[in-house]
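Have a look at the structure below before the remarks.
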Amino acid sequence: EPRGAGGGRPAEEWDRDLLLDPAWEKQQRKTFTAWCNSHLRKAGTQIENIEEDFRNGLKLMLLLEVISGERLPKPDRGKMRFHKIANVNKALDYIASKGVKLVSIGAEEIVDGNVKMTLGMIWTIILRFAIQDISVEETSAKEGLLLWCQRKTAPYRNVNIQNFHLSWKDGLGLCALIHRHRPDLIDYSKLNKDDPIGNINLAMEIAEKHLDIPKMLDAEDVVNTTRPDERTIMTYVSCYYHAFAGAQKVRLWSKHNWDLCIQCYLVLVALPLPLFQLFVLAMQKKLEDFRDYRRKHKPPKVQEKCQLEINFNTLQTKLRISNRPAFMPSEGKMVSDIAGAWQRLEQAEKGYEEWLLNEIRRLERLEHLAEKFRQKASTHEQWAYGKEQILLQKDYESASLTEVRAMLRKHEAFESDLAAHQDRVEQIAAIAQELNELDYHDAASVNDRCQKICDQWDSLGTLTQKRREALERTEKLLETIDQLHLEFAKRAAPFNNWMEGAMEDLQDMFIVHSIEEIQSLISAHDQFKATLPEADGERQAILSIQNEVEKVIQSYSMRISASNPYSTVTVEEIRTKWEKVKQLVPQRDQSLQEELARQHANERLRRQFAAQANVIGPWIQTKMEEIARSSIEMTGPLEDQMNQLKQYEQNIINYKHNIDKLEGDHQLIQEALVFDNKHTNYTMEHIRVGWELLLTTIARTINEVETQILTRDAKGITQEQMNDFRASFNHFDRDESGNLHSDEFKACLISLGQVGNDLQGEAEFARIMTLVDPNGQGTVTFQSFIDFMTRETADTDTAEQVIASFRILASDKPYILADELRRELPPEQAQYCIKRMPPYTGPGSVPGALDYTSFSSALYGESDL
């Protein structure tokens with residue numbers, strides 16, 4: 001099956017670990033971020049958020065270039081999603097080219113910031129480039145790193161490295177690694193096993209300051225977590241291995257040569273060795289003795305041997321000089337005998353050295369196999385601990401579909417993990433067999449432990465298969481229930497909305513103003529009632545779905561709730577709302593019929609009011625027009641005008657009872673809250689305003705006539721003059737408003753010669769306006785006009801003077817032409833004269849001649865023209 005880089009763990013295991021213990025994600029984030037930054041800082045950059053900063057693939061490619069020393073393909077610099085995916089794929093392709101099999105890690109997940117996938121990818125990189133190449137004796141990767149840690153920490157008290165999680169919780173393992181290689185940096189004897197946080201922080205501070213290893217762990221997380229994250233610890237410890245790797249090689253070389261020297265001494269001091277196997281500790285004691293021999297005992301003997309040869313040669317020389325016979329040592333004590341014995345000693349040292357090295361290697365091999373068996377057995381037993389109880393659980397009986405599917409995925413991960421541990425079980429059995437073949441002294445306990453592991457392995461396989469079958473069976477049942485729940489939710493939600501909308505509509509307050517509107521509501525309500533049988537069928541179908549769910553749960557004795565996870569609508573809620581709808585329908589029927597009757601009554605009131613208003617309104621308008629016309633057209637004596645107006649007034653007063661009756665009808669309409677009436681354009685307000693205006697107009701007109709009578713009598717104005725004033729006033733009252741506007745009054749004055757059409761005339765007109773319009777309203781009433789005309793005529797020129805003026809304009813002719821008037825007079829004044837001058841019929845008359853003499857006489861009351 002697929003395995004991660006380094007062959008230590010399945011590639012899928014990272015995801016399973018995160019599922020088992022989410023707290024590991026926090027530890028991995030910090031450690032992996034620090035590990036990446038320890039390499040990225042060489043390129044002058046770093047990351048802050050591990051799942052965000054690798055999304056575009058640029059820093060990921062840079063990280064691989066730094067740790068591998070190789071150039072990757074040129075990255076895409078675009079910011080689009082496909083550029084990011086292309087960069088991440090280049091990085092993943094490079095990792096795969098290094099023999100790493102990537103499982104379930106895709107570029108899309110990294111670009112999307114999937115933290116689990118990102119952490120899994122970084123772990124794969126760490127395994128390949130930081131752990132896989134670790135090799136200690138015959139082990140490599142994770143096992144090699146673990147063996148290295150065990151070898152380095154073996155002499156230290158309270159340190160027992162068996163794994164990469166629990167064995168490091170007290171921090172002594174990290175301190176021991178530092179002390180073993182750099183005893184000058186830490187005083188191991190002062191460390192306290194009961195201060196794990198202090199130990200871990202001390203080790204990380206020293207490693208950061210003196211070994212250039214950044215802080216990658218959180219001491220509190222390591223100590224307070226039941227089982228620290230294995231990857232976090234492995235990543236951090238691998239940095240120690242690489243930091244001490246060079247020094248370790250030097251020390252191994254020195255130790256090897258030192259052992260060779262020590263073994264030579266054993267030839268002299270060792271007793272005859274028994275043929276039984278020696279334990280490694282005993283062999284190490286012999287090596288220690290041999291070291292003392294080579295350092296303390298053999299060097300003096302070398303000096304003695306040299307001195308003995310010197311003394312012998314000196315003695316022989318002196319004897320020759322003295323002519324004495326040479327000294328002859330006893331048999332076996334000749335210098336040559338001593339040299340031969342020394343040579344044999346060195347040969348014996350060499351032979352013994354070779355035997356001792358072979359024996360040490362054999363013992364170390366045996367001990368290594370036994371330790372390897374213990375480690376693998378412990379690792380397996382630790383992994384298998386509690387697995388049988390987990391597999392025997394029946395937690396799926398009360399789980400939801402989502403939970404059962406999660407259990408299935410977790411179980412599949414466990415099955416993959418179980419298959420991956422098959423190699424370990426086989427390795428344990430193979431090691432046990434080899435230990436038996438090498439006649440290991442504790443083979444019985446090894447065999448017993450191996451048999452228990454194999455029996456447990458068979459049991460795990462059986463339980464795993466049974467749990468898978470149970471989970472799959474439960475999943476099918478829950479899928480059936482889930483489909484029913486989903487069907488219920490799909491149909492219950494719109495049906496519930498329909499019922500809520502129906503209840504809202506049935507209880508909705510309606511405001512109508514016509515029979516048509518209420519009939520429209522009644523028609524809509526009838527249509528709604530026609531849909532009730534279909535709605536009842538849908539209700540029964542929805543309830544039957546829930547009944548089916550309860551039936552399945554009861555039939556298979558499932559310990560789960562029948563509640564629907566997809567819907568907040570319950571069966572009881574549907575039943576309650578349906579009963580409410582059935583109650584509201586007849587209530588709505590009754591309220592609609594009552595409103596229909598009310599609208600019929602309102603319609604009768606509308607028609608009754610409209611019938612009268614449509615008569616009264618035009619009558620008032622007609623009377624207003626008659627009064628206005630009479631004030632303009634009446635030319636008889638003022639007393640006759642007064643009598644006619646009094647008759648109008650009496651007719652109006654006699655019509656008052658019709659207004660009162662209409663007011664009564666309007667009161668009824670208001671009490672019925674009727675605000676519109678399509679049968680008439682008249683409102684009561686219109687009628688009131690028109691009636692009041694009619695009364696005001698007739699009263700004002702009568703008052704004006706009365707005032708004219710008083711003015712006439714007081715100033716002696718004839719009826720003809722009064723009529724002439726009225727004609728002049730009406731002529732210039734072009735809008736027939738009954739008043740002269742300032743421009744109309746000015747035109748009249750110019751035509752009468754009262755003011756000129758120049759600056760002086762403007763000033764005179766302003767003076768006159770202050771007299772006739774003292775309130776500054778910009779209009780002149782007929783009464784003001786009469787007052788002004790009577791006042792002004794008292795001071796005007798005589799008819800003869802006017803005739804003399806016209807004669808000058810006519811160049812002494814007895815007549816005047818229209819063109820001469822237009823040329824000499826202002827337009828308004830000229831037009832006034834042309835219209836009123838009679839034709840001239842006297843001597844010398846020409847076509848178009850006008851009689852200005854008759855006109856002037858008539859203007860000043862001296863003619864009947």
Side-chain angles (χ1 to χ4, degrees), residues 2-18 24-43 46-47 49-51 53-54 57 59-70 72 88 91-92 94-105 110 114-136 140-146 148-149 163-165 168 174 204 207 211-218 222 228-245:
R3 300 179 67 83
R9 300 172 63 178
E12 302 89 352
E13 186 173 344
W14 65 270
D15 194 26
R16 183 183 66 258
D17 288 346
L18 291 174
W24 289 357
E25 179 180 321
K26 176 184 176 184
Q27 300 176 30
Q28 291 186 11
R29 276 174 178 265
K30 179 172 182 178
T31 301
F32 290 0
T33 300
W35 184 87
C36 292
N37 285 334
S38 69
H39 294 284
L40 287 173
R41 67 184 179 184
K42 300 173 185 177
Q46 64 177 11
I47 61 172
N49 188 310
I50 197 166
E51 70 267 23
D53 294 347
F54 284 140
K59 288 189 177 180
L60 178 60
M61 296 180 69
L62 181 60
L63 173 66
L64 292 172
E65 289 184 346
V66 171
I67 62 178
S68 67
E70 300 179 10
L72 269 69
V88 175
L92 296 180
Y94 177 80
I95 296 172
S97 70
K98 295 301 178 181
V100 179
K101 191 170 185 180
L102 297 171
V103 180
S104 301
I105 299 177
I110 305 301
N114 187 313
V115 63
K116 295 182 179 180
M117 290 295 182
T118 304
L119 292 176
M121 177 190 67
I122 298 302
W123 173 240
T124 301
I125 294 174
I126 294 172
L127 277 177
R128 172 59 184 84
F129 295 97
I131 298 177
Q132 180 176 331
D133 294 333
I134 295 176
S135 179
V136 178
S140 61
K142 174 184 174 183
E143 287 78 11
L145 182 60
L146 183 63
W148 178 79
C149 295
N163 50 55
F164 285 105
H165 37 84
W168 304 87
L174 297 174
M204 288 196 295
L211 305 178
D212 198 28
I213 298 175
K215 292 182 179 180
M216 298 184 183
L217 305 178
D218 190 316
V222 175
D229 179 41
E230 187 177 57
R231 296 177 176 182
T232 301
I233 302 298
M234 283 182 66
T235 302
Y236 187 61
V237 172
S238 68
C239 295
Y240 280 65
Y241 173 86
H242 292 294
F244 296 131

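Here the side chains of Ile95 and Arg128 are not in contact, with every heavy-atom distance at 4.5 Å or above. Side-chain contact check for Lys98 versus Gln132: every heavy-atom pair is 4.5 Å or farther apart. Looking at heavy atoms from C-beta onward, Thr33 lies out of side-chain contact with Asn49 at the 4.5 angstrom threshold. The shortest side-chain heavy-atom distance between Leu217 and Thr31 falls under the 4.5 Å cut-off. Using a 4.5 Å heavy-atom cutoff, the side chains of Ile213 and His242 are not in contact. Here the side chains of Gln27 and Arg231 are not in contact, with every heavy-atom distance at 4.5 Å or above.
How far NE2 of His165 is from CE of Met234: 10.5 Å, rounded to the nearest 0.5 Å. With rounding to the nearest 0.5 Å, the separation of CD1 in Ile110 from CD in Glu51 is 10.5 Å. Of the inter-residue distances, the one linking Lys116 atom NZ with Ile105 atom CD1 reads 14.0 Å to the nearest 0.5 angstrom. Taken to the nearest 0.5 Å, the CD1 atom of Ile122 stands 5.0 Å off from the CD1 atom of Ile50. For the atom pair Ile131 CD1 and Thr235 OG1, the distance stands at 5.5 Å (nearest 0.5 Å). In this structure, the separation between NZ on Lys59 and CD1 on Ile47 is 7.5 Å, given to the nearest 0.5 Å.
In this pair, Tyr240 and Phe244 present their aromatic rings perpendicular. The plane angle is above 60°, beyond the 30 to 60° band. Classified by interplanar angle (parallel below 30°, tilted 30° to 60°, perpendicular above 60°), the ring pair Trp123/Phe32 is parallel.
Applying the side-chain contact (heavy atoms from CB on, under 4.5 Å) test to Lys30 and every residue at least two apart in sequence or in another chain returns Asp218. Residues satisfying the side-chain contact (heavy atoms from CB on, under 4.5 Å) test with Ala96, not counting sequence neighbours, are none. Residues satisfying the ring-ring contact (aromatic ring centres under 6.0 Å, His included) test with His39, not counting sequence neighbours, are Trp35. Gln46 pairs by the side-chain hydrogen bond (donor to acceptor under 3.5 Å, both in side chains) definition with Glu48, not counting sequence neighbours. Checked against ring-ring contact (aromatic ring centres under 6.0 Å, His included), Phe54 has no partners two or more places apart in sequence or in another chain. By the side-chain contact (heavy atoms from CB on, under 4.5 Å) test, Ala91 is found to be paired with Leu60, Met61, Leu64, residues two or more places apart in sequence or in another chain being considered.
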- Message: The test is salt bridge (charged side-chain N to carboxylate O under 4.0 Å, His left out); show your working for Asp229 and Arg29 and say whether it passes.
- Response: CA-CA 11 Å; Asp229 179 41; Arg29 276 174 178 265; over 6 Å; no
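Of all heavy-atom pairs between Tyr241 and Leu145, the closest is CB-CD1, 3.8 Å. Heavy atoms only, all atoms of each residue included: Leu146 and Asn163 are closest at CD1-N, 3.8 Å. The two residues Pro214 and Ala34 make their nearest non-hydrogen contact at CG-O, 4.1 Å.
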